[in-house]
Amino acid sequence: MSTLKVPSSLPSAKDDATQIHKAFKGLGCDAGIIINILAHRNATQRDNIQQEFETMYSYELKKGLSSELHGHLKKAILLWMQNPLERDLSTLRQSLTGPIVELKAATEVICSRSSSQIRQIKQAYTPTYGTQLEYDVDAHTSGNHKQLMLAYLSTTRYEGPEIDRVLVENDVKTIHKYGDRKAGMDEKILIQVFSERSRAHLVALDSTYQKVYGKELRRAIKREASGHFKHGLLTILQCAENPAKYFAMMLRKAMKGLGTKDTTLIRIIITRTEVDMQKIKDEYQKLYKKSLIDAVHSETLDVIFPLIFKEETWNIILVIVSV
């Protein structure tokens, strides 16, 4: 599933911590050493290195990395050193309450995660930040987008493969009925279905909708919905059907046009590397007839490229300062 390359013969976590500490010394940080070590260690190994580093040097490795690195490389490495739950928590908090509110990022995290993952996020969010996730969502979103996010956060969805065919057919008829109105689709119906139904149900819903009415449900959503509300609905639907394809498309959007959306690129690559990056690469190749490696390489001037995709060590990398 993952494209992370871990050497068959590894130094001990203590040796890795020692080498990283040496990279911090002197004038400037030897980023090549840090990349060569951390980019080739899995989550458990990275945790062990952090524990050894703190034991040996009496300060946190993340603080050292934050102090020594800069720009997009710093952002990528610090995200890489977090566990998946920590990444989701920090992304949500920053995107909802940071200097620049990034509702697309918050929507992506919430609407692409399973019901059990959202439950873990909510349980950890309050003790971490002293407020409920729902409160931050309510304070920084609006309209149908807010209602969808709050409904999706508050509902426990079935995660198994079984579906109720009768309920699927009823949902299809209801959505199409309200979609045919001159005033457009009833957003409350969409919010209810997309927040309460399982992923297996939504896949069957999309398939049945196309079979009965000869058009894709996502096209109806694109026509009837707009803004962050549309983005949330499409994220839920596409992640139910094929998460790898969804993230391949999001990576393409991040690199398309004038200027690369570096934060989006970093977030998706880092968070999916140990989940389904190989599938994302395969989907990207199918969709755009170009390897994701080549696309990332050309768009980032080799900043994130060596961190995730390159097998051999880079002695020198380019660091781009965040704009």
Side-chain angles (χ1 to χ4, degrees), residues 85 87-159 171 174-175 177-179 181 183-199 201-202 205-206 217-241 243 246-247 249-250 253-254 261 263-264 267-268 271:
L85 179 58
R87 290 174 193 149
D88 285 348
L89 291 173
S90 61
T91 298
L92 285 168
R93 181 65 172 180
Q94 181 67 24
S95 60
L96 289 169
T97 67
I100 301 176
V101 175
E102 295 284 352
L103 293 182
K104 278 195 173 183
T107 302
E108 175 198 296
V109 171
I110 292 172
C111 294
S112 66
R113 302 306 188 252
S114 67
S115 188
S116 56
Q117 287 174 320
I118 288 178
R119 184 167 58 251
Q120 292 176 338
I121 291 169
K122 288 169 59 178
Q123 289 173 347
Y125 195 91
T126 300
T128 302
Y129 300 114
T131 186
Q132 292 184 341
L133 175 57
E134 293 91 332
Y135 177 84
D136 281 344
V137 169
D138 182 73
H140 298 283
T141 58
S142 61
N144 293 321
H145 179 237
K146 174 191 288 191
Q147 298 307 315
L148 177 64
M149 295 297 97
L150 292 176
Y152 204 74
L153 285 171
S154 65
T155 306
T156 299
R157 286 165 294 281
Y158 170 67
E159 296 184 0
D171 283 345
T174 301
I175 289 174
K177 174 184 175 182
Y178 284 99
R181 299 184 315 162
M185 194 172 286
D186 189 328
E187 290 83 1
K188 291 182 180 179
I189 296 296
L190 287 176
I191 291 170
Q192 179 184 6
V193 171
F194 277 68
S195 65
E196 295 181 2
R197 307 300 190 250
S198 70
R199 289 184 170 183
H201 181 101
L202 291 175
L205 175 68
D206 190 24
L217 178 57
R218 72 187 65 190
R219 292 190 180 277
I221 292 171
K222 287 180 179 179
R223 185 182 67 249
E224 300 293 343
S226 62
H228 295 299
F229 180 54
K230 178 176 73 173
H231 177 57
L233 293 171
L234 292 175
T235 298
I236 293 169
L237 181 60
Q238 291 170 336
C239 285
E241 295 175 333
Y246 167 80
F247 284 109
M249 293 167 63
M250 291 303 101
K253 288 183 179 180
K261 298 178 180 63
T263 300
T264 301
R267 182 183 67 253
I268 294 176
T271 57

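Computed from a predicted model, the values in this text were never measured in an experiment.
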Subject >> With Ala220 via side chain to side chain contact (heavy atoms under 4.5 Å, CB included) - residues at least two apart >> reply: Met185, Tyr209, Arg223
Original post:
Less than 4.5 Å apart, any side-chain heavy atom of Asp171 and any of Arg197?
Top reply: yes
**OP:** State which residues pass ring-ring contact (aromatic ring centres under 6.0 Å, His included) with His201; sequence neighbours excluded, sorted by chain then number.
**Re:** none
**OP:** Check side chain to side chain contact (heavy atoms under 4.5 Å, CB included) between Ala151 and all other residues, then give those that pass, not counting sequence neighbours.
**Re:** Ile191, Ser195
**OP:** Not counting sequence neighbours, which residues clear side-chain hydrogen bond (donor to acceptor under 3.5 Å, both in side chains) with Ser115? List them please.
**Re:** none
Original post:
Counting N and O atoms only, with roles assigned by atom type, does the side chain of Arg157 sit under 3.5 Å from a partner on the main chain of Tyr152, one being a donor and the other an acceptor?
Top reply: yes
Original post:
CG of Leu85 to CD of Gln123: how many Å apart, nearest 0.5 Å?
Top reply: 9.5 Å
Original post:
Run the side chain to side chain contact (heavy atoms under 4.5 Å, CB included) check on Leu148 and Ile236 step by step: do they pass?
Top reply: CA-CA 10 Å; Leu148 177 64; Ile236 293 169; 4.1 Å; yes
Original post:
Does Glu134 have any salt bridge (Lys or Arg N to Asp or Glu O under 4.0 Å) partners at least two apart in sequence or in another chain, and if so, which?
Top reply: Lys122
Original post:
In chain order, what residues pass the side chain to side chain contact (heavy atoms under 4.5 Å, CB included) check against Asp206, with sequence neighbours excluded?
Top reply: Leu217, Arg218, Leu237, Glu241
**OP:** Under the side chain to side chain contact (heavy atoms under 4.5 Å, CB included) rule, what do Val137 and Ile110 come out as? Steps first, then yes or no, please.
**Re:** CA-CA 10 Å; Val137 169; Ile110 292 172; 4.1 Å; yes
Original post:
Of the non-hydrogen atoms in Lys230 and Ala225, which two are nearest, and what is the gap between them?
Top reply: CD-O, 3.7 Å
Original post:
What are the two closest non-hydrogen atoms of Thr107 and Gly232, and how far apart are they?
Top reply: CG2-CA, 3.5 Å
Original post:
Roughly how far, to the nearest 0.5 Å, is CD1 of Ile268 from NZ of Lys253?
Top reply: 10.5 Å
Subject >> For Thr235, side chain to side chain contact (heavy atoms under 4.5 Å, CB included) partners two or more places apart >> reply: Cys111, Ser112, His231, Cys239, Tyr246
Subject >> Interatomic distance, Ile189 atom CD1 to Ile175 atom CD1 [nearest 0.5 angstrom] >> reply: 8.0 Å
**OP:** Kindly write out the residues that satisfy salt bridge (Lys or Arg N to Asp or Glu O under 4.0 Å) with Glu159, not counting sequence neighbours, or none if the list is empty.
**Re:** none
Can you give the donor-acceptor pairs under 3.5 Å from side chains of residues 93-101 to other protein atoms, not counting sequence neighbours?
unit_1	atom_1	unit_2	atom_2	d
Arg93	NH1	Asp136	OD2	2.7
Ser95	OG	Thr91	O	2.7
Ser95	OG	Leu92	O	3.1
Thr97	OG1	Arg93	O	2.6

Original post:
Is there any salt bridge (charged side-chain N to carboxylate O under 4.0 Å, His left out) pair reaching into residues 137-154, and which pairs are they, with sequence neighbours excluded?
Top reply: Asp138-Lys146
Original post:
For Arg119, what residues pass the salt bridge (Lys or Arg N to Asp or Glu O under 4.0 Å) criterion, not counting sequence neighbours?
Top reply: none
Original post:
Can you name the residues that form a side-chain hydrogen bond (donor to acceptor under 3.5 Å, both in side chains) with Arg113, not counting sequence neighbours?
Top reply: Asp88
**OP:** Just do the side chain to side chain contact (heavy atoms under 4.5 Å, CB included) check on Leu202 and Val193 with the steps written out, would you?
**Re:** CA-CA 8 Å; Leu202 291 175; Val193 171; 4.3 Å; yes
**OP:** Calculate, to the nearest 0.5 Å, the distance between atoms CZ and CZ belonging to Phe229 and Phe194 respectively.
**Re:** 8.5 Å
**OP:** With side chain to side chain contact (heavy atoms under 4.5 Å, CB included) as the test, would you mind laying out the steps for Thr141 and His228 before giving the verdict?
**Re:** CA-CA 9 Å; Thr141 58; His228 295 299; over 6 Å; no
Original post:
About how many Å separate NZ of Lys104 and CZ of Arg267, when rounded to the nearest 0.5 Å?
Top reply: 10.5 Å
Subject >> Spacing of Ser154 atom OG and Leu133 atom CG [to the nearest 0.5 Å] >> reply: 11.0 Å
Original post:
Going by heavy atoms in the side chains, are Met249 and Gln238 under 4.5 Å from each other?
Top reply: yes
